[in-house]
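Treat the numbers as computed from the prediction; the structure is a model and nothing was measured. Order of the sequence lines sets the chain letters (A, B, ...), proteins ahead of strands, with each chain counted from 1.
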There are 2 protein chains.
Amino acid sequence: MADRKTISYQDIRDEVVARIQNRRWPQGTVLPTELELAAEFGCARATVNRALRELAERGIVDRKRKSGTRVALSPTKQAKLEIAVVRQTVEEMNAAYRYSLVSRDLMACPPWLQAKIGLTDPGQVLHLCCMHFADDRPFQFEERWINVQAVPHVIEADFLSVGPNEWLLAEVPFSDAEVAFSAVPASASLSEFLAVPTGTPLFQMERTTWFRSEPVTFVRMTFHQGYQMRTRY
Amino acid sequence: MADRKTISYQDIRDEVVARIQNRRWPQGTVLPTELELAAEFGCARATVNRALRELAERGIVDRKRKSGTRVALSPTKQAKLEIAVVRQTVEEMNAAYRYSLVSRDLMACPPWLQAKIGLTDPGQVLHLCCMHFADDRPFQFEERWINVQAVPHVIEADFLSVGPNEWLLAEVPFSDAEVAFSAVPASASLSEFLAVPTGTPLFQMERTTWFRSEPVTFVRMTFHQGYQMRTRY
DNA sequence: CAGTGGTCTAGACCACCCT
DNA sequence: GGGTGGTCTAGACCACTGC
């Protein structure tokens, strides 16, 4: 350690990671207590605490009261996926974004959807189909159902110029969501919208969204052939 | 707010989220300063700081020195994906896990791989193919290349009973990785290993791993038909 | 019961960056 | 230049949990 004036929590965090990678503290090892580490590094316990808390969040160590901090055994690593709005994703590729509404109809909530999102009252849903283009080439086909009861004035939105994703984000900020990724074959309609042969493997993302425990929307986003979702961790 | 003895950072965090969802603080709004919030909630600034820092990590607010804290405009939401070892994934489905080594050969690093993982010296790589089963049904096909230079004694491992993933995790703990998810058609060999017709859409995950900036391994994991990766956020 | 992490406080200094 | 968040300190009390 450099003999700087003050030790930062990042110094401690990095040093702990180094010792784990060095095998000085192999997997399963119980680390010294916060007090001991604070003494070793010559800093306050709060500083050690912050460093170790961050490592615990990353899944690198496990912490328990009384038993202490130990190096994690099965490193269930956590990847942070940044899920942005389609427009942003397209623009980050330096491509021109274009949005187009395909269809919009109000309907009774179908039973499968009712079960899927856990809706008790069989109310109405707004059913939307949209296309997103990058440089005028198909990028994503979006099929969405919105729970009218949860967002009543969705009926007044025409979704001609603004996509439902962005509209909802402004309307229902910071909701909870559950996502599922999978590979699906292009159906007849998907093959037309995304300009690929029927049966082509396509990357799909499904998402159900709740606002204060009330289901708001379910969306199925199917990407163009060859799309990859990437992240670092 | 309940008139409890002390205000926790979670109280503040939840209250701030509530005010954002209430539209009391619409998107783009500049929040009161930490000092002002501390005064309002009757707590120390550090407590407010921790609450707001957590919200900033979640992407709900943006913080900048001098300009202050404001409600995020484009909520690039972050999903935390827990990427576990295959065995763990299978066992969490209450299925019996079985592993099988398909092939193992030492070879010169092919140029495409050299370019992909950013390897400067054209050294040797260990090329492995493995199968993972859940209740004796194909679950995942794994094709992997390991940089021998980075992990020399990988040559002594036979990978007959322990898969390369678990071996590497014990060997090279907590490395950095880059992952990409996509949908691919089943190739001739994939169709045999995963028992599906050729061309079937399959979910695939590719991962490159570095340990202290040195490339360690590149792996391509292809899942059985219909596999879904799920998460909440 | 006692040890460990979890959290809060009151105060301080610093670094960044907008005006 | 000055205001804001970023961080550290020294001390305190609390909550959980293994012994």
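Residue Glu54(A) contributes atom CD, which lies 16 Å from atom C1' of dG6(C) at whole-angstrom precision. Atoms CZ (Arg50(B)) and P (dC8(D)) sit 14 Å apart, rounded to a whole Å. Note: CZ (Arg70(B)) to P (dC18(C)) measures 11 Å, nearest angstrom. Taking atom CZ of Arg53(A) as the reference point, atom C1' of dC8(C) lies 12 Å away to the nearest angstrom. Taking atom CG of residue Leu55(A) and atom C1' of nucleotide dG5(C), one finds them 15 Å apart after rounding to whole Å. One atom, CG of Leu52(B), and another, C1' of dT7(D), lie 15 Å apart when rounded to the nearest Å. With rounding to whole Å, Leu37(B) atom CG is found 13 Å from dT9(C) atom P. Atom CG of Leu35(A) and atom C1' of dT9(D) are 14 Å apart (whole Å).
Of the two residues contacting DNA chain D, namely Arg63(B) and Thr47(A), the nearest-nucleotide position lying further toward the 5' end is that of Arg63(B).
Note on the helix from dC1(C)-dG18(D) to dC18(C)-dG1(D): terminal axis deviation equals 20°, with five pairs used at each end and the result rounded to 10°.
Listed nucleotides: dT9(D), dT7(D), dT7(C). Nearest to the side chain of Asn49(A): dT7(C). Listed candidates were dT7(C), dG6(D), dG5(C). Nearest to the side chain of Thr69(A) is dG5(C). Among dT7(C), dG5(C), dC8(D), the nucleotide with an atom closest to any side-chain atom of Glu34(A) is dG5(C).
Figure legend: cation-pi geometry between Arg232(A) and Trp210(B), with NZ or CZ positioned under 6.0 Å from the six-membered ring centre and within 45° of its axis.
As judged by a 4.0 angstrom heavy-atom cut-off over every strand, Glu36(A) is placed among residues making no nucleic acid contact.
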Reading nucleotides 10-19 of chain D 5' to 3', which nucleotides get B (base under 4.0 Å from a protein heavy atom), which S (sugar-phosphate only), which -? --B--BBBB-

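In this structure, Arg207(B) does not pair ionically with Glu178(B), as no charged nitrogen and carboxylate oxygen lie closer than 4.0 Å. The existence of a salt bridge linking Arg220(B) and Glu142(B) is excluded, since no basic side-chain nitrogen approaches an acidic carboxylate oxygen closer than 4.0 Å.
With no hydrogens or angles considered, no side-chain donor-acceptor pair links Thr29(A) and Arg70(A) at under 3.5 Å.
Residues Phe139(B) and His224(B) bring their aromatic ring centres within 6.0 Å.
Under the side chain to side chain donor-acceptor pair (under 3.5 Å) criterion, Glu34(A) pairs with Arg45(A), Asn49(A), Arg63(A), not counting sequence neighbours.
Ring-plane geometry between Trp145(B) and Trp112(B) is classed as perpendicular, the angle between the planes exceeding 60 degrees on a 0 to 90 degree scale with a lower cut at 30.
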Start with the C-alpha distance between Arg58(A) and Glu82(B), add both sets of side-chain angles, then the distance that settles salt bridge (charged side-chain N to carboxylate O under 4.0 Å, His left out), and finish with yes or no. CA-CA 11 Å; Arg58(A) 281 206 248 160; Glu82(B) 301 212 336; over 6 Å; no

Could you walk me through whether Leu52(A) and Leu31(A) satisfy the side chain to side chain contact (heavy atoms under 4.5 Å, CB included) test, starting with their C-alpha distance in whole Å, then the side-chain angles of each, then the deciding distance to 0.1 Å, before giving a yes or no? CA-CA 10 Å; Leu52(A) 293 184; Leu31(A) 268 59; 4.1 Å; yes

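Arg137(A) CZ: 12 or fewer foreign heavy atoms inside a 6.0 Å radius.
Listed pair Gln10(A) / dT7(D) meets the phosphate criterion, a side-chain N or O lying under 4.0 Å from OP1 or OP2. Regarding contacts with the backbone of dC8(D), every side-chain N or O of Tyr9(A) stays at 4.0 angstrom or more from both OP1 and OP2.
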